[in-house]
Participant: 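Questions regarding the structure given below will be posed in turn.
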Amino acid sequence: MTQERDRGVVSRRQVLTAAATGVGWTLAGRVGAASAAGPATTAGAGAAVASGVGPAPADFPAGIEPYRQVYRNWAGELVVDDVWTCAPGTPDEVVTLANWAHTHGYTLRAQGFRHGWSPLTVTAGGADRVVLVDTTRHLTGMSLTGNSVRVQAGAAMEDLLGYLERAGRGLLATPAPGDLSVGGALAVDGHGTAVPADGETRPADTTYGSLSNLILSLTAVVWDPAAGGYVLRTFDRAEPDCGAFLTHLGRAFVTEVVLRVGADRNLRCVSQVDVPAAELFAAPGSAGRTFASVLDATGRAEAIWFAFTANPWLKTWRVSPARPPASRPVSGPYNYPFSDNVPRPVAELAGRVVAGEYYLAPVFGQAQYDTTVAGLAATASADLWGASKNLLLYIKPTTMRMHANGYAVLCARADVQRVVHEFTRFYSRRLDEYAAAGRFPVNGALEIRVTGLDRPGDTGLPGAVPAALSALSPRPDHPDWDVAVWFDVLTLPGTAYAGEFYREVEQFLFTTFAGSSAATRVEWSKGWGYTDRAAWSEPATLTGRIPASFPAGPDTGWRWAVDTLDRYDPHRVFTNPFLDALLS
């Protein structure tokens, strides 16, 4: 053991060697279904674990087998033992389950790949009289007709994008993980990163907004008073009530959607690790490689700034029909193996941080940056070219699991640099102040992306309605706001003082970007509503700031959307205690 290791420091040589040789260590695996014969008991370190399910649900619909399994979210912070689960084979069987749940006093929660943070599926209070409905086993069909694809809710995004690619179709932007169900991504307005580059016009059948803005029609399980039960109903995008279902947060059960899809386009993805944060996030009007100038040149950018480091990992994507000579062609997704499978020294550092050595955050941040620099060089992945799917999907289930908060700041395109500068200045200053006091609440990265808004006209469908609850729904009182800047701060679950730091970040965003020149909304799948001790717990945010961040109109506003979802599920089969409080 080296002297460096004795002092509690993993050397830079160890990190670089591990990255270059491809040594990896999975910090967290996926939890599969457990047999009904016995519950699974695996839980992540520091996770909130609850159980308490009773005997098998009585009179369960014939032909649909219930079984028990552990529910575990992405970061392992929410683990619920022994949840009754089933996997219906058809949408009609979901209707049967809904009617059974109504008459027997159960709730149903749609489950995809559990790649989320917020308690929109189940809560830490347990899962008594709850049945998870796994859509990923059977509700995965898809079919393409011209410029639209019909896809069931349980299909994986990676499978959908692969299906479209083979037909010469694709999406302009998409979330980075492939292990998202289509239904889950749409429920929380899943998004990528894209705005028009200088000289670029929006291609036909595409959107710079969220996936929800591509919906042409959807089929959901809803209450029918005339039938006296739950039924399948298809909503056309031009039907006013459809707007409440486009981003429903799990307060509805959508079984199938029809999405608008455009022609696929090849992209070039370039990674840079030599642009100082001081230059990239400089004040508006500064010279050099600012975030706004990069965005103008490429239209698609992501900055990943590891804590306590000088240079972010800057990725840009630009449309490139032909392969540039310097680019390496790729034929599949997930082209950053050093990120997908964490090198052992970095994983060991993570383990020590989780165990309480939080002061290692600066070493850990530098190790992540060094791994990125070495990994890009060793795998020749700093300049890649290929079909859109292969460049846009880059997060695998083996990626390091971290807690992430998430917010969207709506503003005018001309104000992007100002928003980025003001936030990063606050973030870095407070991080340094915490460190000076011996506190290290962040050991992951700050991630920044920019998207367009959910313009219904992008569908090409006359009369298309907006996604009422999407974080990207336009503000009628600010037609000049045309983009959203997304901020996510990542840290290992259980890190000391993280809650306090996250609360300060949230308060800064909601007070600094409060509605005059920009406005803040939460990213539904991530962390928000912070007290010093927990996320999703601060009443002023849950019942005040969040509803106030959406329009209050009688036909498309927050209250209208909540009331519409209640009207189609008056017996509250599709809900949980957290949603009952949020959507009260």
Side-chain angles (χ1 to χ4, degrees), residues 173 191-200 208-209 270-318 405-433 442 445-453 455 471-472 474-475 477-489 504-523 549:
H191 62 90
T193 178
V195 292
D198 283 346
E200 180 182 349
Y208 291 106
V270 174
S271 289
Q272 294 174 265
V273 290
D274 62 343
V275 183
E279 180 180 355
L280 189 65
F281 306 138
S286 300
R289 296 165 292 180
T290 64
F291 193 86
S293 68
V294 169
L295 204 63
D296 289 342
T298 65
R300 298 149 183 82
E302 176 185 48
I304 302 175
W305 189 14
F306 298 110
F308 303 104
T309 62
N311 298 349
W313 177 11
L314 175 64
K315 284 187 287 186
T316 60
W317 296 258
R318 68 174 77 210
N405 72 354
Y407 304 89
V409 177
L410 277 63
C411 65
R413 174 76 177 266
D415 287 331
V416 165
Q417 189 67 28
R418 176 181 64 83
V419 168
V420 169
H421 171 70
E422 290 183 9
F423 179 78
T424 54
R425 181 177 59 181
F426 165 81
Y427 166 81
S428 59
R429 182 178 68 245
R430 286 302 291 142
L431 201 60
D432 288 343
E433 290 169 351
V442 177
L446 165 63
E447 299 180 346
I448 303 174
R449 305 175 186 87
V450 182
T451 65
L453 302 187
R455 307 289 182 186
L472 296 177
R475 282 275 297 262
D477 58 332
H478 279 282
D480 54 316
W481 293 354
D482 53 356
V483 301
V485 183
W486 297 87
F487 296 110
D488 299 295
V489 180
E504 292 185 21
V505 166
E506 181 170 278
Q507 290 179 345
F508 172 84
L509 285 166
F510 274 108
T511 56
T512 304
F513 309 116
S516 56
S517 61
T520 300
R521 288 177 178 160
V522 301
E523 183 174 5
S549 69

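If you're wondering where the values come from, they're calculated on a predicted model, not measured in any experiment.
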Participant: So do T451 and R300 actually touch side chain to side chain, heavy atoms under 4.5 Å?
Facilitator: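 With C-beta onward as the side chain, the pair stays apart.
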
Participant: Please determine if K315 forms a cation-pi arrangement with W317, meaning its NZ or CZ atom is less than 6.0 Å from the six-membered ring centre and no more than 45° off the ring axis.
Facilitator: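 No, a cation-pi geometry is absent between K315 and W317.
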
Participant: Closest heavy-atom contact between V294 and L280?
Facilitator: CG2-CD1, 4.4 Å

Participant: Answer yes or no: is there a side-chain heavy-atom contact under 4.5 Å between D488 and L446?
Facilitator: no

Participant: Rounded to the nearest 0.5 Å, what's the gap from CG on D482 to CZ on R475? Could you check?
Facilitator: 14.0 Å

Participant: Report the C-alpha distance between V273 and N311 in whole Å, list the side-chain angles of each, state the deciding distance to 0.1 Å, and finish with yes or no for side chain to side chain contact (heavy atoms under 4.5 Å, CB included).
Facilitator: CA-CA 6 Å; V273 290; N311 298 349; 5.6 Å; no

Participant: Tell me which pairs pass salt bridge (Lys or Arg N to Asp or Glu O under 4.0 Å) where either residue lies in residues 305-314, with sequence neighbours left out.
Facilitator: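 Qualifying pairs: none.
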
Participant: Say whether, by atom type as modelled, one donor and one acceptor occur between the side chain of T298 and the main chain of T316 under 3.5 angstrom.
Facilitator: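 A pair under 3.5 Å: no.
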
Participant: Taking the side chain as everything from C-beta on, heavy atoms only, tell me whether W305 gets closer than 4.5 Å to W313.
Facilitator: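 The answer is no; the side chains never approach within 4.5 Å.
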
Participant: With the side chain counted from C-beta on, respond yes when P474 and W481 share a heavy-atom pair under 4.5 Å apart, and no when they do not.
Facilitator: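 No - every pair of side-chain heavy atoms lies 4.5 Å or more apart.
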
Participant: So which heavy atom on R413 is nearest to which on L295, and how close?
Facilitator: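 Taking R413 first and L295 second, the nearest heavy atoms are NH2-O, 3.6 Å.
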
Participant: Test side chain to side chain contact (heavy atoms under 4.5 Å, CB included) on L453 and L410; report intermediate values, then the result.
Facilitator: CA-CA 8 Å; L453 302 187; L410 277 63; 4.1 Å; yes

Participant: Measuring only between side-chain heavy atoms, which start at C-beta, is F487 closer than 4.5 Å to E447?
Facilitator: no

Participant: Listed by chain and number, what are the side chain to side chain donor-acceptor pair (under 3.5 Å) partners of T309, not counting sequence neighbours?
Facilitator: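 By the side chain to side chain donor-acceptor pair (under 3.5 Å) rule, T309 matches no residue at all.
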
Participant: Is it true that D432 and R429 make a salt bridge, defined as a side-chain N closer than 4.0 Å to a carboxylate O?
Facilitator: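 Looking at R429 together with D432, the answer is no, because their closest N to O distance does not fall below 4.0 Å.
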
Participant: At what distance, to the nearest 0.5 angstrom, does OH of Y208 lie from CG of L472?
Facilitator: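 So the OH of Y208 and the CG of L472 are separated by 14.5 Å.
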
Participant: Let's go through C411 and V483 carefully: what are the C-alpha distance in whole Å and the side-chain angles of both, what is the deciding distance for side chain to side chain contact (heavy atoms under 4.5 Å, CB included) to 0.1 Å, and is it a yes or a no?
Facilitator: CA-CA 6 Å; C411 65; V483 301; 3.9 Å; yes

Participant: Assess whether a salt bridge exists between E422 and R425, defined as any Lys/Arg side-chain N lying under 4.0 Å from an Asp/Glu carboxylate O.
Facilitator: no

Participant: To the closest 0.5 Å, what do you measure between CD1 (I448) and CD1 (I304)?
Facilitator: 10.5 Å

Participant: Does the pair V522 and F510 meet the rule for a side chain to side chain contact (heavy atoms under 4.5 Å, CB included), with working shown?
Facilitator: CA-CA 10 Å; V522 301; F510 274 108; 4.1 Å; yes

Participant: Hey, what do you get for CD (E504) to CG (L431), rounding to the nearest 0.5 Å?
Facilitator: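 If we round to the nearest 0.5 Å, E504:CD and L431:CG are 11.0 Å apart.
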
Participant: Would you name the heavy atoms of T290 and S286 that are closest together and state the gap between them?
Facilitator: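 Taking every non-hydrogen atom into account, CG2-O, 3.6 Å.
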
Participant: Measure across V409 and A518 and return the closest heavy-atom pair with its distance rounded to 0.1 Å.
Facilitator: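 That closest heavy-atom pairing would be CG1-CB, 3.9 Å.
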
Participant: Relative to each other, are the rings of F281 and F291 parallel, tilted or perpendicular (30° and 60° limits)?
Facilitator: tilted

Participant: Is the distance between the ring centroids of F508 and F426 less than 6.0 Å?
Facilitator: yes

Participant: For the atom pair CD (Q507) and OG1 (T512), what is the distance rounded to the nearest 0.5 Å?
Facilitator: 10.5 Å

Participant: Is the shortest side-chain heavy-atom distance between P312 and F306 below 4.5 Å?
Facilitator: no

Participant: Restricting to non-hydrogen atoms, name the atom on V442 and the atom on F308 that form the minimum distance, rounded to 0.1 Å.
Facilitator: O-CE1, 3.7 Å

Participant: Quick check for you: to the nearest 0.5 Å, what is the distance between W486 atom CH2 and E523 atom CD?
Facilitator: 5.0 Å

Participant: If I compare all heavy atoms of T193 with all of A173, which pair ends up nearest, and what's the gap?
Facilitator: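 It is N-CB, 4.0 Å.
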
